[in-house]
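Accompanying notes for the structure given below.
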Protein chains: 4
Amino acid sequence: MSKRIRTAILGASGYTGADLVRLALTHPQIEITALAANSKAGQSMAAIWPHFAPYQLPDLTAAEAVDFAAIDVVFGCLPHAASASLLSTIPDCTVIDLSADFRLKSAETYAQWYGNAHPSPHLLPAAVYGLSEFARDDLVEAQLIACPGCYPTAVLLALVPLLEAGLITPARITINALSGVTGAGRAAKEANLFAEVAEAVHPYGLGHHRHMPEIEQQLGLAAGEAVTISFTPHLIPINRGELVTCIVEMAAGETPASLRAALASRYAEEPFVHLLPEGKAPATRMVRGSNHAVVNVFPDRIAGRAIVVAAIDNLVKGSSGQAIQNMNIALGLPETMGLEAAPLFP
Amino acid sequence: MSKRIRTAILGASGYTGADLVRLALTHPQIEITALAANSKAGQSMAAIWPHFAPYQLPDLTAAEAVDFAAIDVVFGCLPHAASASLLSTIPDCTVIDLSADFRLKSAETYAQWYGNAHPSPHLLPAAVYGLSEFARDDLVEAQLIACPGCYPTAVLLALVPLLEAGLITPARITINALSGVTGAGRAAKEANLFAEVAEAVHPYGLGHHRHMPEIEQQLGLAAGEAVTISFTPHLIPINRGELVTCIVEMAAGETPASLRAALASRYAEEPFVHLLPEGKAPATRMVRGSNHAVVNVFPDRIAGRAIVVAAIDNLVKGSSGQAIQNMNIALGLPETMGLEAAPLFP
Amino acid sequence: MSKRIRTAILGASGYTGADLVRLALTHPQIEITALAANSKAGQSMAAIWPHFAPYQLPDLTAAEAVDFAAIDVVFGCLPHAASASLLSTIPDCTVIDLSADFRLKSAETYAQWYGNAHPSPHLLPAAVYGLSEFARDDLVEAQLIACPGCYPTAVLLALVPLLEAGLITPARITINALSGVTGAGRAAKEANLFAEVAEAVHPYGLGHHRHMPEIEQQLGLAAGEAVTISFTPHLIPINRGELVTCIVEMAAGETPASLRAALASRYAEEPFVHLLPEGKAPATRMVRGSNHAVVNVFPDRIAGRAIVVAAIDNLVKGSSGQAIQNMNIALGLPETMGLEAAPLFP
Amino acid sequence: MSKRIRTAILGASGYTGADLVRLALTHPQIEITALAANSKAGQSMAAIWPHFAPYQLPDLTAAEAVDFAAIDVVFGCLPHAASASLLSTIPDCTVIDLSADFRLKSAETYAQWYGNAHPSPHLLPAAVYGLSEFARDDLVEAQLIACPGCYPTAVLLALVPLLEAGLITPARITINALSGVTGAGRAAKEANLFAEVAEAVHPYGLGHHRHMPEIEQQLGLAAGEAVTISFTPHLIPINRGELVTCIVEMAAGETPASLRAALASRYAEEPFVHLLPEGKAPATRMVRGSNHAVVNVFPDRIAGRAIVVAAIDNLVKGSSGQAIQNMNIALGLPETMGLEAAPLFP
């Protein structure tokens with residue numbers, strides 16, 4: 001194929017970066033031009049990711065050593081703060097950031113939740129919040145795309161159409177979330193050792209998880225008013241997968257059936273978001289390794305409430321897959337290009 | 001030791017029955033006199049439970065073949081309906097039932113949720129609901145003890161003291177629950193195969209799980225009024241362990257700190273229920289294999305609400321361990337006898 | 001694309017069948033024309049495989065109801081005996097069998113190990129044993145292809161080049177094998193329940209596993225003499241993946257380095273078989289979900305011996321992926337078509 | 001109980017130390033007097049091991065701060081070298097070391113395999129190698145006990161009686177071993193992260209694992225001649241459990257049945273070592289959390305050979321449980337005291 005997108009992936013030593021490489025390898029238009037990871041600069045990808053041994057890939061370099069003049073698209077898989085600091089210096093590329101740095105519109109909110117001043121607040125107004133299915137118009141030819149967090153992706157796919165249509169109220173949205181361990185990254189921490197995580201489950205970040213303000217910002221935009229949520233994530237012993245169970249209060253006259261109808265209509269033509277048949281519970285095994293999301297609505301036993309459930313693969317639709325989906329949209333490519341692989345089950 | 005409790009365990013071929021045998025083996029007063037499992041009658045325990053190979057145990061018989069005249073205590077680990085049918089015919093034993101048959105006080109509610117008429121409704125008034133820490137007076141010399149379900153045990157330990165003291169309101173109690181696979185029993189079903197469950201998570205029983213009316217009955221007694229709950233259980237890939245995350249609305253003037261203080265006071269002398277230090281999240285790995293429960297309270301981001309979390313081992317405090325605890329109380333033995341083993345971690 | 005291969009997959013309700021569907025969905029030349037599973041005839045694929053919910057697939061039919069006149073390629077994922085009985089009746093298709101029925105050249109050996117007379121022994125001479133990398137000439141335009149078993153695939157990729165070149169002797173080849181649970185199929189058996197398999201490991205089929213005669217047949221062909229092996233498989237708690245650790249005796253003068261050199265040479269141009277760098281141990285996580293195999297050689301502490309290790313995904317290179325690879329070769333397509341996806345890690 | 005053994009556990013912040021604490025808590029004679037872990041000195045046990053929250057335990061101190069004059073028994077769960085350096089300075093205690101430091105009789109061999117000169121070679125002659133079932137006479141009143149490694153424990157229980165009786169030859173003993181992750185300790189290393197280990201398996205330490213010389217030393221003593229083994233360990237995704245599959249060559253005239261008979265006779269009265277019924281494969285789930293070992297013998301397909309399999313819990317019989325068993329023997333207590341708990345399955 002003659003046309004090629006010269007691509008740099010920054011932060012290629014983490015799970016998100018690796019999954020981006022995995023997907024990029026079979027994307028028909030992406031040329032993996034540069035791979036950066038400062039702590040591993042000079043090493044081969046096969047040395048740190050043996051599953052890439054069969055593939056020809058550039059060696060890792062320092063991010064500062066990448067010749068961005070020869071790059072069309074930059075994917076940033078760096079930690080927050082570091083990401084904005086670096087990405088703000090890159091000229092003339094389409095920048096797709098998977099960190100948290102450009103998701104919040106308010107630099108004040110960012111500072112409050114992330115504990116540091118925003119490195120480049122002047123870029124916030126132009127950054128496009130890249131929940132692909134709800135941002136297509138803004139994504140076309142976007143220069144700076146902030147890919148949503150994994151939990152926000154699942155929650156927003158479940159709730160935004162319902163809030164936008166006024167079928168649910170913004171009061172008392174209560175989200176229980178379950179995530180696989182890759183969400184915690186590849187850093188060597190005792191809490192993430194196999195022996196600590198296997199055969200175990202616990203909640204974390206109770207009342208103060210950093211995805212909260214992001215979810216509230218986007219739900220607020222959908223509701224047209226400020227939204228405060230309850231959000232309790234739990235760590236479960238799986239590698240990939242994220243499931244959110246949202247308890248919502250319905251607007252007067254609405255029913256789980258009317259909510260299902262709204263989602264059915266909203267997602268009927270979507271290639272990656274699927275309303276399941278009535279009564280079928282979303283499960284992470286339905287989407288593992290793929291860019292798909294599955295959602296469904298159930299009646300709650302408490303009158304006037306419904307349970308909206310969504311499942312994604314946190315590394316794909318919740319991260320690297322959506323990043324490529326956003327690139328496809330931004331560059332005018334078919335939106336599903338390189339993302340066609342079916343889920344891996346078992 | 002001269003004094004011995006001659007014991008029969010009915011349903012010894014299931015996970016609950018096996019865990020009861022495990023605990024009974026080291027209980028200083030229990031003599032395992034008879035083991036019954038109709039589908040496996042005639043087989044040795046080692047044949048169906050190889051981890052018991054080192055132990056001398058009676059062979060399995062049909063339940064009807066047990067000589068109950070030579071039995072002091074009967075533990076019923078049978079499916080609902082079958083349990084009440086059989087247990088109602090046994091004279092002069094202390095009967096400790098781990099099925100659902102004697103938990104609900106209303107035979108109508110039972111019929112509605114379990115799909116069959118109650119086999120022996122005349123026994124319901126005398127059955128003691130055996131949440132050990134809240135039923136001691138009634139348990140002493142009780143003849144028929146209904147051990148709570150696993151989810152109810154965790155939820156009630158978390159919420160009953162708060163409702164009784166009026167610190168939380170009975171409105172909109174929203175419970176998210178996570179359970180290991182042993183809760184589904186040892187029946188060979190496709191849904192419980194390793195390849196279906198591993199690396200996966202999903203909710204089930206949405207809006208209609210059978211533990212709902214039991215939880216509502218007991219919370220209602222604590223609150224002094226009818227309670228309707230939201231309850232969403234999820235299946236996670238672990239063998240043992242159950243964690244409930246309860247979102248509750250506090251009474252006016254109450255705070256997470258006042259809720260913690262109430263639990264601290266209520267459980268200060270309890271050998272098996274433990275309030276964790278402030279900010280420490282309960283985790284199933286803290287209680288694996290043991291009769292302990294751990295609880296804690298956290299502020300919710302939505303004003304006026306709190307998050308109360310509890311973790312137990314579903315097969316021990318949620319089932320067989322609590323059954324032995326109840327036997328100890330009923331017979332006037334030290335309550336912790338045979339239940340001293342510390343959790344197994346990792 | 002105008003050219004299409006009309007394909008029927010028989011046995012689409014098992015894990016092997018499902019993984020074939022997964023791969024077929026993104027193969028640019030395969031049209032999934034018919035899906036058969038007698039026990040599930042009439043159901044939709046999404047009903048029994050929710051991860052296929054996003055895809056348009058034919059409903060399941062009985063195998064006998066497939067109109068084979070409209071089919072170009074038949075993949076058989078049926079149990080042994082049933083497979084040969086059915087496949088022997090299909091005219092004018094390329095038949096690719098994933099069962100054991102056409103792997104052994106001797107109907108007597110088959111009867112001895114599988115316990116039934118071979119249903120169609122007249123077809124055995126023409127069946128091509130489809131270890132792709134060693135059967136390309138025979139596979140072109142083959143009408144009946146017997147895909148190797150999963151364990152044989154891993155063992156043969158490790159040892160055939162060494163035996164053919166006389167670098168190792170056929171004496172005392174000792175194979176220790178580890179397999180994920182999907183190898184046992186989707187049948188609901190107590191032994192395959194999550195609670196039985198998780199946190200556990202054990203050997204099985206000690207001394208009499210059915211893959212033994214197949215391995216011996218093929219190693220014998222490579223060695224030019226009869227070979228008797230030691231083979232001990234173990235079940236480990238993973239979904240996918242197979243690893244074989246082969247202890248072999250080297251011919252006089254050979255060393256692990258010379259063995260490595262032979263494998264390096266043999267597999268230098270292979271797209272799916274990879275010799276790892278010296279000292280790097282093969283791991284199943286390097287190949288998960290992909291058609292790749294990784295191999296390496298290590299010195300044994302006992303003089304004159306070497307340890308040859310290989311890892312594959314049992315459902316892909318060990319089954320469905322190799323079946324598609326064989327189809328590609330048989331039909332003159334690029335051998336890697338539809339098999340380009342990189343491994344899924346984590 | 002009036003009589004108490006004042007006990008110090010050094011290295012209580014590791015998995016081995018924690019499992020020793022778990023067992024010590026229910027041992028009727030052990031008083032946990034001091035717990036040491038230099039890197040965590042000053043912290044409470046509940047802070048680093050939340051599953052001990054319900055228990056009253058001393059805070060952690062530096063090992064040097066322990067008042068050994070008030071201690072009867074010291075358990076050393078320290079890394080090698082550090083262990084011998086410290087333990088060699090302790091006067092007048094029964095010292096039970098779980099490190100590798102006193103297992104090898106030759107300081108030269110130790111230096112060769114562990115990479116450092118032995119810190120206290122003068123103590124090696126008096127150290128008792130504490131494979132309990134084979135060292136009872138030497139253990140009584142022993143002052144320095146070297147507990148075997150986990151792999152050696154399993155291998156030696158399987159093979160020593162056969163070698164001692166001359167039923168197998170010392171030639172070409174080929175051991176395949178599988179271990180859970182706790183064997184690697186609690187250090188935060190990338191290789192032991194959940195996402196690296198789950199859904200995966202690989203061999204490690206190929207040809208140079210440190211348990212090799214220990215196994216060879218002890219097998220050599222049993223055989224009466226030097227023994228060189230093949231030993232290939234693999235890491236599997238479980239917390240606890242170790243399984244060894246040993247391929248051995250039988251002496252002339254011997255059969256798997258005669259080997260089984262020898263093990264049956266040898267272990268008939270042993271409380272913790274059990275020969276399984278003919279044909280029943282040892283499995284780690286049979287021993288999880290307990291001090292039991294299970295063994296069995298199977299015919300190999302290669303004539304003249306047999307397959308001897310053993311399974312243990314690496315943290316109990318392979319480490320902390322055997323340490324307590326050794327203490328019981330050394331102090332003249334009933335050998336099973338504190339180790340009666342049945343295995344935890346599932």
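Just so it is clear: chains get the letters A, B, ... in the order the sequence lines come, proteins before strands, and each one is counted from 1. Only a predicted model underlies this, so the values are computations on that prediction, with no experimental measurement involved.
The choice from D:H208, D:E242, D:R240, D:E216 that makes the most heavy-atom pairs within less than 4.5 Å of chain C is D:E216. Heavy-atom pairs under 4.5 Å with chain C were tallied for D:A283, D:A200, D:G279; the largest tally goes to D:A200. Of all the listed residues (D:L235, D:T228, D:V201, D:L178), the one sharing the greatest number of non-hydrogen pairs under 4.5 Å with chain C is D:V201. The choice from C:R305, C:H202, C:E199, C:R285 that makes the most heavy-atom pairs within less than 4.5 Å of chain D is C:E199. Contact count against chain D (heavy-atom pairs under 4.5 Å) is highest for C:I229 among C:I307, C:I247, C:I229.
When heavy atoms are compared at a cutoff of 4.5 Å, D:I173 approaches chain C solely by way of its backbone atoms N, CA, C and O. Residue D:F345 touches chain C through its side chain alone, counting heavy-atom pairs closer than 4.5 Å. Heavy atoms closer than 4.5 Å to chain C are found in both the backbone and the side chain of D:E196. Residue D:A303: no heavy atom, backbone or side chain, is found under 4.5 Å from chain C. When heavy atoms are compared at a cutoff of 4.5 Å, D:I302 approaches chain C by way of both its backbone and its side chain. Within the 4.5 angstrom heavy-atom criterion, only side-chain atoms of D:V309, from C-beta onward, approach chain C. Proximity to chain C (any heavy atom under 4.5 Å) is restricted, for D:M212, to the side chain, taken from C-beta onward. There is no contact between D:A311 and chain C, counting heavy-atom distances below 4.5 Å. Both the backbone and the side chain of D:P237 come within less than 4.5 Å of a heavy atom of chain C.
When side chains are defined from C-beta on, D:T232 does not count as touching C:N176, because their heavy atoms never get closer than 4.5 Å.
The two residues C:P203 and D:L243 come nearest to each other via the heavy atoms CD-CD1, 3.7 Å. Minimum heavy-atom separation, D:T245 to C:H234: OG1-NE2, 2.8 Å. Closest non-hydrogen pair, D:A198 versus C:R288, comes out as O-NH2, 3.6 Å. The two atoms that bring C:S230 and D:D300 nearest to each other are OG-OD1, 2.8 Å, heavy atoms only.
Sparse packing is recorded around CD of D:E278, with 12 or fewer heavy atoms of other residues, nucleotides or ligands lying under 6.0 Å away.
C:T174 and D:R172 form no side-chain donor-acceptor contact under 3.5 Å, judged by distance and modelled atom types alone.
Residue C:T284 holds its OG1 atom at 11.5 Å from CD1 of D:I236, rounded to the nearest 0.5 Å.
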